[in-house]
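Here's the structure, in C-alpha cells; my notes come after.
Predicted, not measured: the structure shown is a model, and the values here were computed from it. Naming: A, B, ... by sequence-line order, numbering from 1 per chain.
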Amino acid sequence: MSNDAPNPPPVAPKAAREHSPLETLNHSASHVMAAAVKRLFPGAKVTIGPAIDNGFYYDFDVERPFTEEDLVAIEAEMAKDVKADLEFQREEIDRDQAVEMFRGMGESYKVEIIEGIPAGTTITLYRHGDFVDLCRGPHVDRTSRIKAYKLTNVAGAYWRGDERRQMLQRIYGCAFTDKKALDEHLRKIEEAKKRDHRRLGKDLDLFSIDEDIGGGLVLWHPKGALTRYLIEEFWRREHLASGYDLVNSPHIARENLWQTSGHLGWYKENLYNGMDVDGQQYLVKPMNCPFHITMFKNRLRSYRDLPMRWAELGTVYRYERSGVLHGLLRVRGFTQDDAHLFITKDQLNYEIERVTRFCLHILRSFGFVSFKTYLATRPAKFVGEVPAWDEAEAALKRGLDAIGLDYEMDVGGGAFYGPKIDLKLVDALDREWQCSTIQVDFQLPERFQLEYVAPDGSRQRPIMLHRALLGSIERFFAVLLEHYAGALPLWIAPVQAKVLTVSEKSEEFGREVEEQLRAAGVRVEKDLSSDKLGAKIRRAQLEKAPYMLVIGDKEVAARGVSPRSRDGRQAEMMPIDAFVRQVLDESHPSRS
RNA sequence: GCCAGCGUAGCUCAGUCGGUAGAGCAGCGGUUUCGUAAACCGCAGGUAACGAGUUCGAAUCUCGUCGCUGGCUCCA
C-alpha cells in the first residue's frame, strides 16, 4: 500500500481573498437590480445584495412575493440604468448621518445594519442615478459595464439567515461582461442539469425514492446496488489493508445509551420517535459511535491495544426537515463509511496524519484529483476545556502540514465536541462536495468514562477520532454520478460490456460470448433483440456501457469480438480471452 | 419547517375561453434479420397526486392535505 508515501499537494495554494473583476461586476449588477426594484415596487425595502459564486442576489422586504413576470419586468427596468451609463459614485458619510439618512428613507433594514457598526466609523455609500446604497464596494465605474445579465430565480430567505425573523424575497441573477460569457454560463447550468444524479439515477435505473416508502429513503435498484457493492468491497479491502478492523452494530438501541451519549439532548431534533420493546424505549440510531464505544468498554483495554481502528459501513437514520431532502445528497436514511479510532494522546499527531493520507488515497482511487480542505475550529457553543481544544486543533494542523495539504480555516465551524478537518471533493464541473470529515472528540470518552491501562498501571482516558471518508455511500454515489456524468469507471460500472448481435444468425455465438465473459468475471449483458445494430448501440451508449461487443458474421467466423468503447473508439477484432484480459486489466481503481 | 413554483400514461411533455384526455419514447404482440447513436405495423396503458368546494359541467377556478423542485435554515 502506498498510504504512507508522501503525496503532492492536490491543489495550488489559494491567493488571499479579494474581489475578482467578475465579483465586482456582479455586485454592481445587484445594485442596478435593487434600483430597478425600488422603481417598480416603491414599497420594497432593501436589505443586502452581495455577489456570490456564480452571480449575485438581493433580498427585499416586499408586500407580496415576486413572480416570474416580475423578474422579466425588473430585468427590463435594469436595462434602462445600463443604457443610461450611470456612474457609480463612492461617498463617505458619518455613521450617525447614515442612520439618519436611511431612517428618513424608511430603509429600516439598512438602519439595523448600520446600527450594528461601531459609532464614529465612517460609512461608505455607493450611488448610481437616484439609487443610493450602504455598501463597502468596490463597484465598476459605470453601469454600462454590465453588458449581459439575467435574473434566474426568486426564493424566500430569512433576514440575517434567522428563521425566526422576517421572510424576505431574494432574487438571484448573474452578470457578465459580454453575452458570450452569459451564454456559456447558462450552457454550464444545462450541462449540470444533464449530470444531475437524480436524472441519471432514473435514466440508468440505479435507484429510486418512492413516496410510498417515504421521502429521503432510498431504493437501490440492481445496477445501483451492484456499484454500491463494488465500492463497499473496495472500501473493506482497503481498510483491512490499512490497519482497521471491521465491526458491525445493530440499528436500534435502548434509550439509555442515547442518554449517556448525549444525543437525546443535543441531537434530539434529528432523532426519530422511539419504539417500545418490552416496556423499554428503543431508538433508531442516528450515529454509530455509541455502539463502537460500548464495544470498547466490553473489556479492560491496555495501552498495548491502542490505537484501535474500528470501521463500519453503518446505516443511520436522521430526521431531516422535509424542505432539505435532495436526491441522494440529503436523505433520511444513509450508510456512513464510519470509523472510530481509540488512541492515546501521544498517538494523536500520527493518527491524524495517517487517516488523512488514507482518506486522500481512497478518494483518489475513485478518480478525484482535486480537493478543498478546511480546518474547522472551536465554535461558540462547545464542550470541554479550551486548552484541550487548542491542542487538538494544533494536532489537526500538524497533520495537514505534514502532508503538505493546503487548507483554509473555518473558524468556529467545528463540531461542539471537537475540531475537525473537512475535505471537500472538487468535481469535473469544479463544484465542491462535502464528503470526508475527520473529527477529534474529547466528549464521548468522557461521557462513557472510557479507560485504558497505561504502562504505569494507571487508568487513562483515550481520545477518539471519528472519521468518514466517503461521507455516506448515498452522497458519495451521487457525487460519483455527477462527476462522471453517469459514465462510471470500468471497475465500478455495473455493466462492463454489452454483447450486441447484428442479427439472429449471430445469436448463438452472442450467448456464448456472454457466458464466457461472465464466467471470467466480467460484468456483462446481452442485447439479442430484433432491433437494428444502430438502435442497440444507441441504447448501450445511453446506458453508458464501457464496452460494446458487436457480434456479426465476421465475429462468428473468427470466434472473436470487436470492442467498441463508449467514447466511440473501435478496436480491432480480438479473441474473447484477449478481451477478458483487457477488461480485467483495466478494471481497477485509479492509482494513487 | 419557512417562501415561491409545480404535480396529466412507466418516462418526456401537449391540451385554446371551464365542455368530459392526447403525442413521442418505453412496455406488450406481430412483421423484419439488418454492421456502429432510433426499422415497420398493431395493442394496451390515465379515479388528471389526494380530498373537499364553486359550477349544468372542473385537468382547467377556490380551499385543504400529500409529494416534488428552487431557495432559506440545517447537514454525511
Quiz item: Taking the P atom of each, how far is B:U60 from B:U20, in whole Å?
Solution: 14 Å
Self-check item: Separation between the C1' atoms of B:C56 and B:G70, rounded to whole Å
Solution: 41 Å
Quiz item: Excluding sequence neighbours, so at least two apart, what forms ring pair (Phe, Tyr, Trp, His ring centres under 6.0 Å) with A:Phe342?
Solution: A:Phe296, A:Trp310
Practice problem: Only counting residues at least two apart or in another chain, list the ones meeting ring pair (Phe, Tyr, Trp, His ring centres under 6.0 Å) with A:Phe416. | Solution: A:Trp266
Quiz item: Roughly, in whole Å, what's the span from CE in A:Met548 to C1' in B:A37?
Solution: 9 Å
Self-check item: B:G18 and B:C25, which share atom name P, separated by this distance in whole Å
Solution: 33 Å
Practice problem: Write down the distance separating the P atoms in B:A48 and B:A58, rounded off to the nearest Å. | Solution: 12 Å
Practice problem: Examine distances only and state if a side-chain atom of A:Thr227 and a backbone atom of A:Ile492 form a donor-acceptor pair shorter than 3.5 Å. | Solution: yes
Quiz item: Separation of A:Leu542 atom CG from B:A26 atom P, in whole Å?
Solution: 11 Å
Practice problem: Sticking with atom P, work out how far B:A14 lies from B:G24, rounded to a whole angstrom. | Solution: 16 Å
Exercise. In whole angstrom, give the distance that lies between atom CG of A:Asp61 and atom P of B:A4.
Key: 14 Å
Quiz item: Are A:Asp531 and A:Arg538 side-chain neighbours, meaning at least one heavy-atom pair lies under 4.5 Å?
Solution: no
Quiz item: Quantified in whole Å, what is the C1' atom distance between nucleotide B:G15 and nucleotide B:A21?
Solution: 8 Å
Quiz prompt | Under the salt bridge (charged side-chain N to carboxylate O under 4.0 Å, His left out) test, residues paired with A:Asp196 that sit two or more places apart | solution = A:Arg198
Practice problem: Take nucleotides 29-34 of chain B nucleotide by nucleotide from the 5' end and write B, S or -, depending on whether a protein heavy atom sits under 4.0 Å from the base, only from the sugar-phosphate, or from neither. | Solution: --BBBB
Exercise. Provide, to the nearest angstrom, the distance between the NZ atom belonging to A:Lys498 and the P atom belonging to B:A37.
Key: 15 Å
Short heteroatom pairs, N/O only, protein and nucleotides 12-14 of chain B, under 3.5 Å:
residue : atom : partner  : partner atom : Å
B:U12   : OP1  : A:Arg199 : NH1          : 3.3

Quiz prompt | Over 12 foreign heavy atoms within 6.0 Å of CD, A:Glu269 | solution = yes
Exercise. For A:Glu508, look at atom CD and say whether over 12 heavy atoms of other residues, nucleotides or ligands are found less than 6.0 Å away.
Key: no
Quiz item: Whole-Å distance between B:G5 C1' and A:Asp70 CG?
Solution: 13 Å
Exercise. Rounded to the nearest angstrom, tell me the gap between atom CD in A:Gln541 and atom P in B:A37.
Key: 8 Å
Self-check item: base_contact_polar (B:G1 base, A:Glu269 side chain, donor-acceptor, <3.5 Å)
Solution: no
Quiz item: Using a cut-off of 4.0 Å on non-hydrogen atoms, how would the nucleic acid contact of A:Lys554 be classed: base, sugar-phosphate, or nothing?
Solution: base
Quiz prompt | A:Phe56 ring center near A:Tyr149 ring center (under 6.0 Å) | solution = no
Self-check item: Distance, rounded to the nearest Å, where A:Asp210 contributes CG and B:A49 contributes C1'
Solution: 12 Å
Self-check item: B:A26 versus B:C11 - spacing of their C1' atoms, nearest Å
Solution: 7 Å
Practice problem: Check ring pair (Phe, Tyr, Trp, His ring centres under 6.0 Å) between A:Phe66 and all other residues, then give those that pass, not counting sequence neighbours. | Solution: A:Phe41, A:Phe60
Exercise. Hunt down any stem RNA chain B takes part in, defined as 3 or more consecutive Watson-Crick or G-U pairs whose two distances are each under 3.5 Å.
Key: B:1-7 with B:66-72, B:10-13 with B:22-25, B:27-31 with B:39-43, B:49-53 with B:61-65
Quiz item: Just checking A:Tyr319: base, sugar-phosphate only, or nothing, at a heavy-atom cut-off of under 4.0 Å?
Solution: sugar-phosphate
Exercise. Could you encode protein contacts along nucleotides 67-76 of chain B as a string, one character per nucleotide from 5' to 3', using B for base contact, S for sugar-phosphate-only contact and - for no contact, with a heavy-atom cut-off of under 4.0 Å?
Key: SSSBBBBBBB
Practice problem: Using the side chain to side chain donor-acceptor pair (under 3.5 Å) rule, collect all pairs that involve residues 330-339 of chain A, keeping only residues at least two apart or in two chains. | Solution: A:Arg228-A:Thr335, A:Trp235-A:Asp337, A:Asn288-A:Gln336, A:Asn288-A:Asp338, A:Thr315-A:Thr335, A:Glu320-A:Arg330
Exercise. Describe the nucleic acid contact of A:Glu555 in one word from base, sugar-phosphate, nothing, applying a heavy-atom distance below 4.0 Å.
Key: base
Exercise. Taking atom C1' in both B:A23 and B:C61, compute the distance separating them and give it to the nearest angstrom.
Key: 27 Å
Quiz item: Atom CG of A:Asp203 to atom C1' of B:C25: distance rounded to whole Å?
Solution: 12 Å
Quiz item: What residue pairs, at least two apart or across chains, pass salt bridge (Lys or Arg N to Asp or Glu O under 4.0 Å) with a residue in residues 545-561 of chain A?
Solution: A:Lys505-A:Asp553, A:Glu512-A:Arg559
Practice problem: Sort and list the pairs that fulfil salt bridge (Lys or Arg N to Asp or Glu O under 4.0 Å) and have at least one residue in residues 203-215 of chain A, not counting sequence neighbours. | Solution: A:Arg199-A:Asp203
Quiz prompt | With sequence neighbours excluded, residues passing ring pair (Phe, Tyr, Trp, His ring centres under 6.0 Å) with A:Tyr407 | solution = none
Quiz item: Which pair of non-hydrogen atoms, one from A:Val561 and one from A:Pro575, has the smallest distance, and what is that distance?
Solution: CG2-O, 4.5 Å
Practice problem: Would you kindly say whether A:Gln166 and A:Tyr109 are connected by a side-chain donor-acceptor distance under 3.5 Å? | Solution: no
